[in-house]
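Working notes, structure below.
Each chain gets a letter, A, B and so on, in the order the sequences are listed, and its residues count up from 1. On a predicted model such as this, the values are computed, not experimentally measured, just so you know.
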Amino acid sequence: MTKTAVTFRLNGAETAIFVDGGQNLLDVLRRGVGDLSPKYGCGQGGCGGCSVLVDGTLRLACITLAESVDGASVETAAGLADGPRLHPLQKAFMEGFAAQCGYCTPGMLMAARALLDANPDPAREEVVEAISGNLCRCTGYEPIIDAILAAAADLRGGAAR
Amino acid sequence: MAIHKGRGFACVNYPIGMNLGGDPSQALVHATPDGKFMVTLSSIDLGQGMKSVTRQIAAEALGVSVSDVHVDTADSDTGPHCMGSFASRGTHRVGNAVIRAATEARAQLLEAAAEEMEVDAADLVTDGSGNIHVRGAPSRAITVADTAIAAQFRQGRTLAGRGIFLVPPSDADPETGEMSPVTCFAHAALVVDLEVDDETGEVTVQSIHSAYEVGRALNPRLVEQQLIGGAWMGLSHALFETTEPVYPERDPAPLDFNSYVMPGPGDIPDHHVAVLERPAPDAPYGGKGPGEMCANPVLPAVANAIYNAVGVRCDTLPITPERILRGLRELGGARPGGWSGGNFGGTGNPNGAEPRTGSGDGAGNGHGDGHGTRPAWMATGR
Ligand code: FES
Ligand code: FES
């Protein structure tokens, strides 16, 4: 099969990889690049486990053609923390017990990240809307919604200081 | 066509663990050279928090701080055998095994410290933050770290413990068939308030008020988290999830998340949880563990609330709008207050006709629903 060279920035780092025609971004991230933070849940756009940001826009990596991110900036949950310093969303998830098995967590974090980038002061319904494409089996969603609201407040406070 | 409010109640006696031939779990504990402790399990943390809780239990039993304990789970090559993470048995069975292993390791720790300090091990106590000292004389102390080094590099002594917890197999009494498969029960009671649209058959759950008795809540935040998440799963089972929509036909069956439907973040009701603590004598520091019980009572409570709202008694899950509409058609319309006129969508016995209560005071009228033979461990609605 013909391989195509694709280059993109992954969490700020220049990344180059050969991809197969039709290969999806999730497969390239997990098996090609080795970033295991986006999760394979369904492979057909139904669970949100593979959520990543492409040029700042929330995308489902499992239904995104890898070739389409050539030249783009891709962000995954693996890039949220700054060294040992957790991102406020990660901190809020941890403190709010918003993960049980954790399988949905990277996708939830990226959906939340996309929301807060666009809307630093979301209403509860807007948080619900923002994660409505992400399935969670364990938490009943409530702690996740609370954690995202807590992180939003934290981020706003941080910006004001 | 109207929206009908309904309230349903259910309670559950939930057995911790299962024991039809023994139900063991095991743990190993050993000190590292820097005086930390490693707990090795083959038990699996699926997200319910076993790693956190066994870490707390080990720290308590060893007399050291939680930050000095590490737990390794899920590897049956390195960890001793465990029956598994099911039947709400993790905290109780694994926790007890961890206490035994940690107690043995602690005894060795104190003996090693006694040898270093030239005192009697029986006179030594731990302060829970890395020191061992003579009882009543905190200044006559040695650190756990120094003890671990002395034991392993000077005394030639291991600081390690093995633990197994086994409820002996319970055989049935040949005369009566009686047996004691469990040693302790957790309990829950739960009220669901919902609305049923008698035109569409749709159910909107508005609130859950629950009380769960879990022994001691060893990690209250984890307990609350599991109760909230588990109740959500119960709602999902009650109203949405099935792989067999037209059982016993397998076709059409849901093949993906578009057709295997679950409630999303916008469908969650208010849930008010009360955690009651009645520590069980044979449980690790009294903790029984919430486990499956957090989901179970939700299902009968929802069924009872629907019955209370429109009089339709569904005994087949999930209670879909279709099943409710079929029931309403058979009844000739909604019968608020819970009027039992039939049995819908399932294979159970027909309901006995019952007087209509006419009041929304809880679905306390589901006696005649043909479930007298359900096992005692199942959640039962009243
Ligand atoms: S794996 Fe991409 S949405 Fe499920
Ligand atoms: S924490 Fe398990 S799926 Fe969300």
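Note that the CE atom of Met233(B) and the OG1 atom of Thr139(A) stand 9.5 Å from one another [nearest 0.5 Å].
Residue Leu135(A) comes nearest to Met262(B) through the heavy atom pair CD1-CE, 3.7 Å, listed as atom of the first residue, atom of the second, then distance. Nearest approach of Cys136(A) to Trp232(B), heavy atoms of both residues: O-CH2, 3.5 Å. The nearest pair of heavy atoms linking Arg137(A) to Ser236(B) is NH1-OG, 4.3 Å. Annotation for Ile145(A) and Pro265(B): closest pair CD1-O, 3.9 Å, computed over non-hydrogen atoms. Contact record, Pro143(A) with Gln225(B): CG-NE2, 3.1 Å, taken as the closest heavy-atom pair.
Contact residues of residues 7-19 of chain A toward chain B are absent (heavy-atom distance under 4.5 Å). Within residues 90-103 of chain A, the residues having any heavy atom under 4.5 Å from a heavy atom of chain B are, by residue number, Glu95(A), Gly96(A), Phe97(A), Gln100(A), Cys101(A). Among residues 203-220 of chain B, the residues having any heavy atom closer than 4.5 Å to a heavy atom of chain A are, in sequence order, Asn219(B). Interface with chain B: from residues 44-52 of chain A, residues Gln44(A), Gly46(A), Cys47(A) qualify, criterion being any non-hydrogen pair under 4.5 Å.
There is no contact between Arg124(A) and chain B, counting heavy-atom distances below 4.5 Å. In this structure, chain A has a heavy atom under 4.5 Å from the backbone of Leu46(B), while its side chain stays farther away.
Of the residues considered (Gly133(A), Cys138(A), Gly41(A)), Cys138(A) shows the highest number of contacts with chain B, using heavy-atom pairs under 4.5 Å. For the options Leu222(B), Asn258(B), Leu235(B), heavy-atom pairs under 4.5 Å to chain A are most numerous at Leu222(B).
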